[in-house]
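Note that this is a predicted model, so its numbers are computed, not measured.
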Number of protein chains: 2
Amino acid sequence: MSDIRTILLVMAMHDEAKSIIESIGLKLQKKHNSKLPTETFSGKYNDKQIWLQLNGKCPRFGVDNIGTDASVLNVYTGIENHNPDLILNAGTAGGFARANAKVGDIYLSYPYVYHHDRRINIPGFTEYGIGKYTCYPCLDITKKLGVKAGVVSTGNSLDHTPLDLEIIEQYNGEVKEMEAAAIAWVANIFGIPFLAIKAITDIVDGSETTEDEFLKNLNYASKVLGEKTIELIEVL
Amino acid sequence: MSDIRTILLVMAMHDEAKSIIESIGLKLQKKHNSKLPTETFSGKYNDKQIWLQLNGKCPRFGVDNIGTDASVLNVYTGIENHNPDLILNAGTAGGFARANAKVGDIYLSYPYVYHHDRRINIPGFTEYGIGKYTCYPCLDITKKLGVKAGVVSTGNSLDHTPLDLEIIEQYNGEVKEMEAAAIAWVANIFGIPFLAIKAITDIVDGSETTEDEFLKNLNYASKVLGEKTIELIEVL
């Protein structure tokens, strides 16, 4: 039996999480702190305790709190309250035509997650900014699940500048999203293994704008994400 | 007497905080959680309880944890443990020649702090990304202290792209730094007033690179920052 008994599943958007919550039958929990936006769902799946935490809604603009700041608050409170053996970050992402990505593809983060929008050109700070966190070993799992393995790169913008793309290419990034490296940073502080699972909604180096492709493909990608996240939990 | 009895002073770098810690005689506190990087110093100053929290060091690269992710962890644990009446973010920053900024100038954040590196071109998310948090009213204080008032803009890079500058100009940003808006976001969640005080180390639209100017002027700007932060606490 696996040593992983308790999984903290950190997610940004409710639409990305809906099918997982319904399929496993996770139940919404009472808040530890009523002011925190984080929403917690929990339940048992097979022999594992699952805590799924959403970043929660922004009360000012009615949207999900996406990006790194909200993810830090989410994962830290999740660690404090639930003491997980593994932190899993599931979400949607951009893929790259240069890496043959297609909408609906699933990636596990391997071997690293990086930041591409923290440029700090002073020795030591440069490496801190880039992050480069090692992920939970998952190559055997990608084969079992029939999914891809790739470097995940995090930034706080949905779009990209030419410099963002250059930085992502420098470390062979195959998945561009907005949360993983920040969550990995907190996981690393607490010595908890980290893994990201990402479903491709849009092709970053393709011809459509990210916003249009993202909105068009969010439901489809979230459905595949839900199925593969559950399969992943089964084999962990 | 002021309603502000307890101040949480959130800072990123030890070098920025050193003169404040020494001048007020703040004492290093035992950690609530030994794994957290955050370092807490505290003491009384006049009638006020001061909790100064540093983001702490990155154990992998030996540098201070700068930027928004580390600041979220810092301010959240500070709020949890110390229940402040006001959150003050003191630090160094870039100024702009177009706004007549000079190295050593001190700004209080007014009226807003924004993010300039969270571009999310979907309605609702756009506004969430930009942030635009209202700061503690400080125009009278800037006059008393002989310091400037200006819009503060936050991003996770020390340098800037042309697009960063364009965004900062759009909302008349006069101060560019790496923490304020993330701290204001958490302060806003908990309904706690927020104010930033920033000392200029470099001129963003000047001829020198930010890294060189920043390193050259860090000690001088931090000294002025310390003096004005203490004067600010005296009048709050």
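- Between A:L88 atom CG and A:L9 atom CG the span is 5.5 Å, to the nearest 0.5 Å.
- Between B:A180 and B:V152, the closest heavy-atom pair is CB-CG1, 3.8 Å.
- Contact between B:I203 and B:A101 at its shortest, heavy atoms only, is CD1-O, 3.4 Å.
- Interatomic distance, B:I79 CD1 to B:I189 CD1, rounded to the nearest 0.5 Å: 8.0 Å.
- Nearest heavy atoms, B:V72 versus B:A182: CG2-CB, 4.0 Å.
- Heavy-atom pairs under 4.5 Å with chain B were tallied for A:V63, A:L158, A:V186, A:I120; the largest tally goes to A:V63.
- For A:L163, the part sitting under 4.5 Å from any heavy atom of chain B is the side chain, from C-beta outward, and nothing else.
- For B:A187, the side chain to side chain contact (heavy atoms under 4.5 Å, CB included) partners are B:I87, B:F194, not counting sequence neighbours.
- Nearest approach of B:L225 to B:A199, heavy atoms of both residues: CB-CB, 3.8 Å.
- Contact annotation for B:L73: both backbone and side-chain heavy atoms come within less than 4.5 Å of a heavy atom of chain A.
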Distance-only check: which donor-acceptor pairs of chain B and chain A lie under 3.5 Å?
residue	atom	partner	partner atom	Å
B:R60	NH1	A:G131	O	2.8
B:R60	NH2	A:G131	O	2.9
B:R60	NH2	A:K132	O	2.8
B:I66	N	A:Y128	OH	3.3
B:I66	O	A:Y128	OH	2.6
B:T68	OG1	A:D69	OD1	2.6
B:D69	OD1	A:T68	OG1	2.6
B:D117	O	A:S157	OG	3.1
B:R119	N	A:S157	OG	2.8
B:R119	O	A:L158	N	2.8
B:R119	NE	A:D159	OD1	2.8
B:R119	NE	A:D159	OD2	3.2
B:R119	NH2	A:D159	OD1	2.9
B:R119	NH2	A:D164	OD2	3.4
B:N121	ND2	A:E211	OE1	3.0
B:Y128	OH	A:I66	N	3.3
B:Y128	OH	A:I66	O	2.6
B:G131	O	A:R60	NH1	2.9
B:G131	O	A:R60	NH2	3.0
B:K132	O	A:R60	NH2	2.8
B:S157	OG	A:D117	O	3.1
B:S157	OG	A:R119	N	2.8
B:L158	N	A:R119	O	2.8
B:D159	OD1	A:R119	NE	2.8
B:D159	OD1	A:R119	NH2	2.8
B:D159	OD2	A:R119	NE	3.2
B:D164	OD2	A:R119	NH2	3.4
B:E211	OE1	A:N121	ND2	3.0

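- Here CZ of B:F41 is found 4.0 Å from CD1 of B:I21. Values are rounded to the nearest 0.5 Å.
- Most heavy-atom pairs under 4.5 Å with chain A, from the set B:P59, B:G191, B:G62, B:G131: that is B:G131.
- With a threshold of 4.5 angstrom between heavy atoms, B:I66 approaches chain A through its backbone and through its side chain.
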